Amino acid sequence: MTQLPAEADVAVIGSGFSGLGAAIRLMQDGVDSLVVLERAADVGGTWRDNSYPGAACDVPSHLYSFEFAPNPGWSHSFSRQPEILAYLRDCARRYGLMPHVHLGHEVLEASWDDAAARWVVRTTRGTVRARVLVSAAGPLSDPALPDIPGLDAFAGTLFHSGAWDHGHDLTAERVAVIGTGASAAQFVPEIQPVAGRLHVFQRTPSWVLPRRDRPIGALEQRLYRRFPAVQRLVRTAIYLGRELYVLGFTVDRRLLRLASRVARRHLARQVPDPELRAKLTPAYTMGCKRIVLSDDLYPALCRPNVEVVTEAIERVRPHSVVTTDGVERPVDTIVCATGFRVTDPPIAHGIRGRAGRTLAEAWETGMRAYKGTTVAGFPNLFLLLGPNTGGAHTSVVLMAEAQHAYLRDAVRFMRTHGVASVDVRPDAMRRYGDTVARRMERTVWVHGGCRSWYLDRNGRNTTLWPSFVAGFRRRTARFDRENYRVVTSTMLPAEAPA
Ligand code: NAP
């Protein structure tokens, strides 16, 4: 690994999909003074960390990949985690990024030096000063453990789905799973056959649709290899199909009725026991929470060694879990599939903009960013997959790639015009925020009768983009300098020392 340089034009935090893609694209534009700071020992972000049994993507592979790097070799319509991780590693290598990636460099703090127009980025292994800082730390990168009394004193094995303990054998164990979101839905069917007893603690049931995964045969792969346009066509068809979901989520919820009927039929077909079926029937509008795609979750929950517990957990004792009805269940292992710190990202506490104000302070009343990317008072900072860029219905890679276009155009503008800093105008940011909030009002995510990780503690949806991906792409196609305060190098008090 190369030594961290003292200076760089661009520093990227994180080497998941959004960070890797940004770095590759900037390099293609001729930005070679670039560092990628990665706290872990490998690239891959959430696809490196979420290696739990059965981990896979519920967005079709052809769409869940970079537009500039199609992979004709996907083995299934919905890729498994190892294949996605291998794809990301391959992209990093193939596009010559690895010499710029600094593994094991956790960012402790990044502070804006206004006089020098530089970000001073302090990591666990040295400091780099960068003109532009790209935060691609990822919305699903910091596991959230539940606030359950006694959990920290549990004497058995405890881990989060996002940091699976592969060294621990669950065979014949009494296992508690807390949470029933997209992660639990994937690993529960995998661990059910080996566990002795499996208690699945469910607070809210998910809507579950059939997954309908299929292997992609050698012939089809050869077709994509030989005629890349065919794969592009398939990708476009999937993209358009997924865009249709938006109508149901944001325009007219009656469109979700058909999908709800399919989900109810799926449940009725797979869960014959009426009592269990009642427990698993959601009481909120479909789409309010992330829809789960699974063919094997319900059958696993019907197995005799599985119990779905709907009473709330009161406390954890050193060797058991106690629910509010007073029942105590002895367990050897607890797996928390309780999601991530999405609306209070830890990285925000370490990024200091003008006057030393942290991003977390700027977001005291909730995360906000202009086009999900820039924040007033934080010059030359670009957030990838920042506030309101999530896609509940489609590939988040599309949103990241739209932001890459915006970032690239901004960097191009800065390089061409000798610009030292760009800082989004507060009024532009406010207007943009108002537009997003207005669009959000109509959505199922706010009015669907549930609480989800899409909402922050004030009930505001600061995570999802409330419209078509196409609309976001349009907004980010060009860096709109007119909405920024631009400082040229000649306006700086003194050029920063090299
Ligand atoms: P999640 O969707 O946030 O689910 C967390 C689960 O934990 C929910 O069932 C939640 O219940 C429960 N929970 C949280 N705190 C609890 C507490 N104190 N007591 C009891 N239950 C508690 O997390 P996730 O399943 O890891 O998924 C996160 C996101 O990652 C997904 O929405 C998706 O965007 C992505 N993901 C995607 C895939 C895929 O592509 N297939 C797979 C995994 C994850 P409530 O619902 O009542 O809050």
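One-based numbering, in listed order, for ligands and for the atoms of each. Values in this document were obtained by computation on a predicted structure and should not be read as measured data. Numbers here are sequence positions counted from 1. Atom set for the values below is all heavy atoms of this structure, side chains included, hydrogens, waters and symmetry mates excluded.
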Enquirer: Any cation-pi pair here, Arg317 with Phe154, using under 6.0 Å and within 45°?
Expert: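 No - Arg317 does not lie over the ring of Phe154 by the 6.0 Å and 45° rule.
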Enquirer: Examine Tyr87 together with Trp47 and report whether their ring centres are nearer than 6.0 Å.
Expert: no
Enquirer: Is the ring centre of Trp164 less than 6.0 Å from the ring centre of Phe187?
Expert: yes
Enquirer: Just grab all the side-chain hydrogen bond (donor to acceptor under 3.5 Å, both in side chains) pairs involving residues 441-460, residues at least two apart or on different chains.
Expert: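 Qualifying pairs: none.
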Enquirer: Quick one: ring-ring contact (aromatic ring centres under 6.0 Å, His included) partners of Tyr239, sequence neighbours excluded?
Expert: none
Enquirer: Which protein residues have a heavy atom under 4.0 Å from ligand 1?
Expert: Tyr52, Ala56, Cys57, Asp58, Leu140, Pro146, Ile178, Gly179, Thr180, Gly181, Ala182, Ser183, Gln186, Arg203, Thr204, Lys289, Arg290, Ala337, Thr338, Gly339, Phe340, Trp453
Enquirer: Suppose we screen for ring-ring contact (aromatic ring centres under 6.0 Å, His included). Which residues come up paired with Phe472, at least two apart in sequence or across chains?
Expert: Trp465
